Amino acid sequence: MTTVRVRNLLIGLLVLLLLGGVGAWLFVYFGIYNVAATRQHIPPVYRLLNYAMERSVIAESQDVRAPPDLIEPQRIRAGAVHYRAHCLQCHGAPGVAPDSLAYGMTPAPVNLMPAARSWPSERIFWIVKHGIKMSGMPAWEYRLSDDQIWDVVAFTKGMAAMSPREYGQLVLELPGGKADAGSGGKRPPDDATARKAEPPATLMVANAARKAPPGVATGPGVPLGNARVGQHKAQAFLCQTCHQIPGVVGANHYVGPPLAGIGTRTFIAGVVANDPQSMVRFLLDPQEIDPLSAMPPMGMSEQDARDIAAFLYTLRTP
Ligand code: HEC
Ligand code: HEC
């Protein structure tokens with residue numbers, strides 16, 4: 001190549017770079033990227049952010065060494081106490097939905113069961129200690145000692161294999177143990193009552209605050225809501241943190257069954273026939289349909305359930 005051609009090539013590249021820069025600046029300046037938490041990231045941005053987070057955590061946690069006693073029951077119980085004080089509000093627990101403050105956060109605080117299964121303890125430790133920028137995940141470095149963070153990690157790993165019933169049992173065995181409160185913020189009446197109730201009934205006490213108000217009209221012929229509104233509401237109620245859902249960004253979690261094709265499935269939760277009425281009832285109160293269901297009631301209104309059900313019935317291809 002002659003020097004003239006090399007020079008032209010370099011000038012061309014420089015102009016392209018400049019145009020790209022100006023374009024990016026105009027994109028930002030005119031506020032084209034919507035930062036509303038009710039709008040999900042577009043899929044490429046979501047994937048890039050998630051990937052960057054994973055790579056960073058892997059790189060940064062290289063030197064962390066886990067203590068050998070993470071499966072000791074004492075650690076797990078101590079961790080459960082910290083978890084319920086500091087993590088439950090955002091991440092929920094087996095059979096317990098997060099608090100209402102977590103609804104509508106973007107990125108949505110994920111259900112931790114998949115991470116607890118697949119991420120090594122060292123990485124979970126690093127995340128809990130240092131937090132994650134621009135995500136709402138706080139750093140606990142200055143509020144929990146390293147040893148307490150390892151307790152939390154021990155509990156989080158243990159939780160990955162706990163059913164709602166086992167979790168409810170563990171909580172009752174904790175000092176001053178009460179069943180967890182639902183998003184209504186109402187604690188169960190008192191310790192004695194909570195203790196008398198058998199898990200998972202304790203979880204049902206805990207979740208009572210989230211249930212549909214009595215007398216909700218879920219009779220036959222009750223119309224479904226608006227599917228487009230329902231798609232937005234599904235995101236706001238964090239359905240994507242437990243289910244794979246077509247058309248919902250970030251819905252790549254398998255805590256519950258994938259919802260692709262739910263519109264044509266014969267049964268809901270394998271126990272009742274799939275009709276709109278039962279779907280609305282299931283969304284308002286999963287345990288009414290299936291007492292052992294690991295899906296917590298999310299404190300939605302009847303209208304929310306109708307809108308979300310309408311959206312679910314648009315998912316017809318498995
Ligand atoms: C104020 C809400 C909030 C609280 C409280 C909170 N987290 Fe988070 N956490 C988040 C958000 C938001 C994310 C980022 C979600 C994502 O990965 O996209 C996150 C991410 C995580 C992750 C990474 C999960 C993954 O698969 O990407 C772990 C592990 C985690 N949190 C553990 C904890 C633990 C343990 C506690 C308690 C000590 C806690 N968090 C408290 C909001 C919270
Ligand atoms: C904390 C995790 C979690 C969240 C959040 C959650 N689910 Fe579930 N869901 C589950 C689990 C676990 C099951 C399977 C248990 C069962 O079938 O009872 C399930 C089952 C279902 C089913 C029945 C699926 C089938 O194949 O029969 C539907 C429908 C459903 N969920 C919809 C939703 C919707 C809509 C939302 C948001 C409003 C949501 N879920 C939020 C965990 C969750």
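Atoms within each ligand, like the ligands themselves, are counted from 1 in listed order. What you are looking at is a predicted structure, and each value in this text was computed from that prediction instead of being measured. As a basis for the values below, the full set of heavy atoms in this structure was taken, side chains included, without hydrogen atoms, waters or symmetry mates.
Contacts between Ala102 and ligand 1 below 4.0 angstrom, taking non-hydrogen atoms only, are absent altogether. Contacts between His243 and ligand 2, counted as non-hydrogen atom pairs separated by less than 4.0 Å, involve the side chain only. Residue Trp119 does not touch ligand 1, judged by heavy-atom distances below 4.0 Å. Looking at Asp290 against ligand 2, only its side chain comes within 4.0 Å, counting heavy atoms. Contact annotation: for Phe282 versus ligand 2, heavy atoms closer than 4.0 Å belong to the side chain alone. The proximity of Pro286 to ligand 2, defined as any non-hydrogen pair under 4.0 Å, does not occur for either the backbone or the side chain. Contacts with ligand 2 closer than 4.0 Å are made by side-chain heavy atoms of Pro257 only, the backbone lying farther away. When non-hydrogen atoms are compared, ligand 2 lies under 4.0 Å from the side chain of Leu259 (C-beta onward) but not from its backbone. Counting heavy atoms closer than 4.0 Å to ligand 2, residue Ile289 contributes nothing at all.
In terms of protein heavy-atom proximity, atom 37 (C) of ligand 1 is closest to Cys87 SG, 1.8 Å. Nearest protein heavy-atom contact of atom 27 (O) of ligand 1 is Met53 CE, 3.3 Å. For atom 28 (C) of ligand 1, the closest non-hydrogen atom of the protein is Leu112 CD2, 3.6 Å.
Ion pair Arg77/Glu173 flagged as a salt bridge, since at least one NZ, NE, NH1 or NH2 atom sits closer than 4.0 Å to an Asp/Glu carboxylate oxygen. Under the 4.0 Å criterion applied to side-chain N and carboxylate O atoms, Asp147 and Arg75 are assigned as salt-bridge partners.
Close contacts between ligand 2 and Asn111 involve ligand atoms 1 (C), 2 (C) [criterion: under 4.0 Å to a heavy atom].
In the candidate list Ser135, Gly79, Ala108, Gly136, Ser135 is nearest to atom 12 (C) of ligand 1, counting heavy atoms.
At least one N/O/S atom of His91, whether from backbone or side chain, sits less than 2.8 Å from atom 8 (Fe) of ligand 1.
Inclusion of Phe237 in the set of residues having an N or O under 3.5 Å from an N or O of ligand 2 is not warranted.
Under the 4.5 Å side-chain heavy-atom criterion for Ile, Leu, Val, Met, Phe, Trp and Tyr, Met298 and Phe311 are members of the same hydrophobic cluster.
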